[in-house]
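Working notes, beginning with the structure itself.
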Amino acid sequence: MASAMASSQSHLDLVQLLIVVVMTMTMLVGGGEALSLDYYAKSCPKAEAAVAAAVKQAMAKDRTVPAGLLRLHFHDCFVRGCDGSVLLDSSGNMSAEKDGPPNASLHAFYVIDNAKAAVEALCPGVVSCADILALAARDAVAMSGGPSWQVPVGRRDGRVSLASETTTALPGPTASFDQLKQAFHGRGMSTKDLVVLSGGHTLGFAHCSSLDPTSSAFDNFYYRMLLSGRGLLSSDEALLTHPKTRAQVTLYAASQPAFFRDFVDSMLRMSSLNNVAGEVRANCRRVN
C-alpha cells in the first residue's frame, strides 16, 4: 500500500510539473512570440552547453558565483520582467538598475559576459542576454546540488534600465510580510512563490558561512535556520509571522524534495515574466 501511494504521489508530482512547463511555454512575451524549449534548437543548438561551461568554470574559482547568478536573475525579473536590464551599465545621465541601492551588492556579472562571448562565437546575434542569465541561474542551482529544469527561452533584451525603479520594485532586507506579499502579487506571483523563492537564500545564506556550513550547496538549510530562530534578515523572519507561510517554511524544513519540486515550479513562473519586444544585444552591458 505504501509503495502504491508513493508511486501515485510521484506520478502526481510529474503531472503537476508538466502542467507548469506547458503553461510557461505558452506565455507570450512582448513581441508576441512564445517562450519555447526548442527556440534555439536550429539557430544555436550548443548555446546551453556554452553557458553551462562558463558557469562551471567560474564556480571552480569562486564559490559565491551560484548565489550571485541566482540573485542577478531574481533582481532582473522583478523590475521590468526578465529582460536582462539589470546587466546594462550606467551611461551618460542614465543611472542603470545595477547602480540602484538594492543592487549595490550584486556580482558575477562577468560570468554572464563570458557566457555571452562564448555563445556569440557560436551564433552571433542569436541568443539574448536575458536568456543567458535565465540559463545561468538554472545551472548555478543544479551545479550546487539543487534541482535542474528545462528553461523555456526566447526572451528579448530590454533597452531601458533605471536605478530609480529598483527601490520600488525590489523588497528590501527589512521588508514586512505585507510589503513582501505586495511585491510578489504585483508581479502576478503568489505568496507560496514568495516562500519558495526566498529559499534561494540558502546559497551563501546572507554571506554568513559561520551560521550555514552548507552555504555553497543548494539545500533546505535556509528553512531549518529560520525555524531555529537564526534568520539573519528581518525579511526572512517575516515569513514566520503568518500561519500559512510559517506552515510552508515548516514543510520545506522537513522535506528537501518538496522544496526542490516547488522551487522549480516557482522559478518557471518567475522566469516567464517578460513584457518587452526588445532586441538581442551584442554586448550584455549596453544596448545595440
Side-chain angles (χ1 to χ4, degrees), residues 13-27 29 34-37 39 48 51-52 55 59 65-84 86 106 108 111-112 115 128-155 169-171 180 183-204 217-223 239 245 248-249 251-252 255-275:
D13 292 344
L14 177 60
V15 170
Q16 290 175 332
L17 179 57
L18 288 174
I19 289 174
V20 172
V21 171
V22 171
M23 288 176 63
T24 303
M25 288 174 62
T26 58
M27 289 186 177
V29 296
L35 297 181
S36 167
L37 293 177
Y39 192 87
E48 288 201 31
V51 174
V55 174
M59 285 177 59
V65 161
L69 291 174
L70 188 56
R71 191 160 176 252
L72 272 179
H73 188 41
F74 285 168
H75 284 226
D76 183 38
C77 294
F78 266 76
V79 178
R80 286 181 164 262
C82 309
D83 66 347
V86 75
L106 290 183
V111 183
I112 303 303
S128 68
C129 298
D131 277 343
I132 288 174
L133 180 53
L135 291 167
R138 183 274 312 274
D139 293 338
V141 170
M143 292 180 189
S144 299
S148 186
W149 62 94
Q150 290 183 290
V151 178
V153 289
R155 299 166 188 78
L170 295 168
L180 291 170
F184 272 72
H185 289 184
R187 282 295 173 192
M189 302 188 74
S190 68
T191 303
K192 179 179 180 180
D193 292 322
L194 161 61
V195 180
V196 174
L197 294 179
S198 293
H201 290 155
T202 192
L203 283 175
F218 191 92
D219 52 28
N220 67 337
F221 198 82
Y222 166 82
Y223 299 105
L239 300 181
T245 54
Q248 274 185 263
V249 170
L251 169 64
Y252 299 145
S255 174
Q256 185 163 282
F259 166 48
F260 281 9
R261 180 189 65 239
D262 290 349
F263 186 81
V264 169
D265 292 352
S266 292
M267 284 295 289
L268 285 168
R269 272 189 289 277
M270 185 189 74
S271 66
S272 70
L273 300 173
N274 187 291
N275 57 3

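Along the sequence shown, residues carry numbers from 1.
- Using cut-offs of 30° and 60° for the angle between ring planes, the F260 and F218 rings count as tilted.
- Side-chain N/O atoms of Y252 and D262 include a donor and acceptor closer than 3.5 Å.
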Taking it one step at a time, do E48 and R138 satisfy side chain to side chain contact (heavy atoms under 4.5 Å, CB included)?
CA-CA 11 Å; E48 288 201 31; R138 183 274 312 274; 2.9 Å; yes

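- If you take CG on D265 and CE on M270, they are separated by 13.0 Å, rounding to the nearest 0.5 Å.
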Full working for side chain to side chain contact (heavy atoms under 4.5 Å, CB included) between H73 and M267:
CA-CA 10 Å; H73 188 41; M267 284 295 289; 3.7 Å; yes

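- Across every non-hydrogen atom of Y223 and V196, the tightest pair is OH-O, 3.1 Å.
- Note that the CE atom of M189 and the CG atom of L194 stand 9.5 Å from one another [nearest 0.5 Å].
- Although no hydrogens or angles enter the test, the distance criterion places a donor-acceptor pair under 3.5 Å between the side chain of R155 and the main chain of S271.
- Distance alone, capped at 3.5 Å, places no donor-acceptor pair between the S255 side chain and the L251 backbone.
- Using a 4.5 Å heavy-atom threshold, the side chains of K192 and S266 count as separate.
- For the pair I112 and L69, the minimum side-chain heavy-atom distance is below 4.5 Å.
- Partners of F184 under the ring pair (Phe, Tyr, Trp, His ring centres under 6.0 Å) rule, at least two apart in sequence or in another chain, are F78.
- With Q256 contributing its side chain and N220 its backbone, the two residues share a donor-acceptor pair below 3.5 Å.
- Residues C82 and L133 are not in side-chain contact: their nearest non-hydrogen atoms beyond the backbone lie 4.5 Å or more apart.
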